[in-house]
Structure formats: C-alpha cells, structure tokens
Amino acid sequence: MKFNVLTYGCQMNVHDSDWLIRAMESRGWKAVEESEANIFILNTCSVRDKPEQKVYNVLRRLGYLCTSPGDFVAVGGCVAQQIGEGFLERFPYVRLVFGSDGIVQAPQYLEELAVDHEKRLVLNDFLAQYPEREGGLANPNEELLPPGIGTIPGQAFVNIMQGCDNFCAYCIVPYTRGRQKSRLSSAIIDECRALVKSGVREITLLGQNVNSFGMDKNGSDLSFAQLLYKIAEIEGLERVRFTTSHPKDIAPEVIKAFGELPNLCPHLHLPVQSGSDNILKKMGRKYDRARYLGIVEGLKEVCPEIALTTDIIVGFPGETDEDFEQTMDIMERVRFESSFSFKYSDRPGVAALKMMPKVPEDVAQKRLTRLQERQKHITRECLEELDGNDMIVLLERNSKWQEDGGVAWRGKDPGGRVVNIFIEGIEGHLPLGGKLVKAKIIEAKNHSLVGVKVGDLW
Ligand code: SAH
Ligand code: SF4
Ligand code: F3S
C-alpha cells in the first residue's frame, strides 16, 4: 500500500509519526508523496484553535484525493482524541480515528482497513499503563530497530511518559493525551542501549512533563534524575537531552546534573508562560517568578554556558499592561536564547475558558509583536557572543547554502543551535549525517551560526 503521513504539532507528534511510518514500512507499505498515495494519515494538534481549524481544511482537501474505493484517511493525534466519532460522521472518507494511546494499535487496523473497505473505527480508549510499541524496519545487521529512531541520522527520540496531570488553566493536553503514565525505566534504558548500539549518538527523552517522571508510580521506579544519570552512563552515547520541563517539578538533582554529566547537553527548554505572579497563579502553574529565577540562577551556576529557551503566552484572560511588563522584564533577566510565543487561545473544556475579562485581540497582538521583536534582538546578541568559539557539531544534512570546492553541512551544537559548516574538499554525496566535527564559529546570523571545520570528522 502507498501511504502519506502529514504531521502537525509538537515533537511528540513528530516522533509518533516517525514511528508509525517505520511500523507501516516494516509491514511492506511504502511512504510516498501525497499525490501518489492511497491512504492518508493525518497526525493532528489541538493546542490552539488555529491548528485545530487546519485539520478540517486539510481533511476537505484530502477528500478530493480519495478517488478509488480503497482510498481513505486516518486521523490521529490530539484533535482525533478530542473529536473522536465526529470525524466519521462528518467525513465519509475518514475510516480510522486513533487517539494518543490508540496509535499503538493503528498499524494493525490500517492493514485491516486496507483490505475490508466497509470497516470504520475509532481507537480512543486511554489505557491504564504506558503502551509499549513494536520496533520497525531492519538495519543492515538484520535486527529490528528500536522504536525511537527518527529521520535525522544519528539522533533518536525516546518516549519516557505519556500524558499530563497538571491541568494548567489554558491547556487542552491533559484531555487529549490523558493522565500521566510513566514508562518502565527498564524499557526506556533497554531502548536507549539498543539505539546507541545501532549507531545513535544523541538521544532526546520525550514527555509533556519529563521532570515528574515516576511520580505516578509512588516511588516504585526511578525518579527522573536517577533515570537521566543511568542513561547518560550508556557507553558510546555522546549527547543526551530532554523535553519538556515544568519549572515546578525540576529537582535540585536535575539542576546538578548539568554540572556533572559531560554528555548532558547544555540546553534546557523551560516554559515560563508569564513573568507575572498574578497571571502564573491564574494559570495554575504552581511557581512564581522568584522560584523560576532561582532555578535559572542555579542552572547558570553549575553550567554557565547553558542555553535557556522557553514558551510564553500573551493575553491570558485578565492580563494587564503591568502583567505583560513583568513578562518583558523576566525575558531581560533570563535572556532566553529563543522562545516560542503565542497569543492565548480559548480551548474547549479548559478552566480559562470561563475566566474574564478576555484580552482584546488587537491588544494581545500588539503585546506579541513587541515581545517577538525584543526576542529577535536578544537571540541575535546571544549568537554574536559565540563568535570565535570552538564547538562540536553533530551533522544532520546538506545545508541550503553551497559554494564551489566543498560542501556545506547543517548540524547542531550542544546548546541546540543550528550551525552551518563549510567542509572543503568533500563531495556532496558523502553521508556525513550523524558525524561529529569540531568547528570554529566565524559568523552569527539571525537564527543560526556559521562555522568552519577545524578538526577531523568522527
Ligand atoms: N508540556 C509543556 C507544553 C505543552 S503545550 C509545558 O508544560 O510547558 C506547548 C505550549 O503551547 C505551551 O507551553 C504553551 O505556551 C502553549 N499553549 C498551550 N495551550 C495554549 C493556549 N490555550 N493558548 C495559547 N498557547 C497555548
Ligand atoms: Fe499543558 Fe501544563 Fe501539562 Fe504542559 S504542564 S502539557 S502546559 S497542562
Ligand atoms: Fe499539540 Fe497534542 Fe502536542 S495538542 S502540542 S500535538 S500534545
């Protein structure tokens, strides 16, 4: 069968789609361009209204591509969990809906639906335990690859938990991903070991709230800090990262790890959401700006070069000009290297839906524009400070920028910054993705760095 997967949303959705593609390919299906496909899988995000609306637009478009009786669409991810049956009712060519836990069974049912053209079903039940996933495609040594491998050579993502228990007032994720379920640490460690054995050099541990790993198990398994140390210990693992962290749960041992573990990358994505205590309280975030700034201070003490990035919401119900100034102020104090910032968007069923007064659209937009302009400058200044430094870059793919006499590659430094490196005397077709190289930074651009190779590739 020829299939196409279209993905919206966060890293977890990207990882889910990567897994599903490999699971289907290992069953003999072929991932193709949309125009050649018979089966369309749409992995959706519901975090704001815009991505949800996009799903309905894309579905209408895919309807025109379902021309033969066997053609159909499968809708997965957070909007699928939220709407469920509604997709079957509204769109005759949607024949499978799978939610956050249902994805594990999706490969088997996709196969059944490809044969039985009458069948339609919804896989939306939440399970009591973290559902383990099958491996995919064989590697050259004929072993099945573990589920974590994605599409970037040398890098892998490993789920350590599913769901979220925090119910921040604005957020739909606890409803779409369900209650927090930590995966067994032994399964995580086995998967990481197998990935390193298959050539992976960088692992990112994934979860909505990784710092509360194990808290749903009453101490019967490792804490997040203990898990992190165990994974960092795996021989041959060059880099480890994790995302996302909630400030309320970050333990002193995790902060300490940034000073102790040589392969823990000096980068932390720590969503602040707002700089105002008043708004943080209404959001139900359970920390205040003093606690947030204390964490930042602790991190910079043990790891002065740490790159901090964040998420910010502007225009949360009741946000005043003064509250917003507090957010601008915390940006100056922390100097985030980059941030994802959004206007507050009403979501069905969340507590903030009923909170008043709502901030007018034009006021929220003005605040967002001002914040993003300021962030642009800070990002640029942070990158300029790195000019002249040497750093190790993990290469990913050919860079868009090319010159005669060599090839430019794009990769990431330990801080997670994009670095473009010109490598002289190398031909374009050489598979350098997944290789490490020492580079000297010679220029800072708006969102990336430019470097030259100063050591051997390994
Ligand atoms: N688990 C992560 C974030 C998950 S959602 C955490 O706790 O930080 C990703 C980001 O989307 C959030 O950090 C938040 O900034 C944003 N977001 C979530 N719900 C939103 C809403 N209703 N309106 C606007 N932004 C939202
Ligand atoms: Fe949403 Fe809050 Fe959970 Fe993050 S911690 S997923 S923002 S409810
Ligand atoms: Fe979106 Fe679901 Fe991720 S709502 S941000 S895809 S957890």
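Both ligands and their constituent atoms are indexed starting at 1 by order of listing.
What sits closest to atom 16 (C) of ligand 1 on the protein, heavy atoms only, is Arg48 NH1, 3.4 Å. Summary of contacts: the protein heavy atom closest to atom 9 (C) of ligand 1 is Asp311 OD2, 3.8 Å.
Ring planes of Tyr287 and His246: perpendicular class, angle over 60° (limits at 30 and 60°). Under the 30°/60° scheme for interplanar angles, the aromatic rings of Tyr175 and Phe167 are found to stand perpendicular.
Side chain of Asn43 to backbone of Asn13: a donor-acceptor contact under 3.5 angstrom is found.
Put simply, Cys171 gets within reach of atom 1 (Fe) of ligand 2, with an N, O or S atom under 2.8 Å from it. At least one N, O or S atom of Cys45 sits under 2.8 Å from atom 1 (Fe) of ligand 3.
Residue contacts with ligand 1: Val47 is included, with a non-hydrogen atom under 4.0 Å away.
With a heavy-atom cut-off of 4.0 Å, Asn13 touches ligand 3 through its side chain alone. At a 4.0 Å heavy-atom cut-off, ligand 2 touches Val173 through the side chain alone. The proximity of His246 to ligand 2, defined as any non-hydrogen pair under 4.0 Å, is limited to the side chain. Contact annotation: for Cys168 versus ligand 2, heavy atoms closer than 4.0 Å belong to both the backbone and the side chain.
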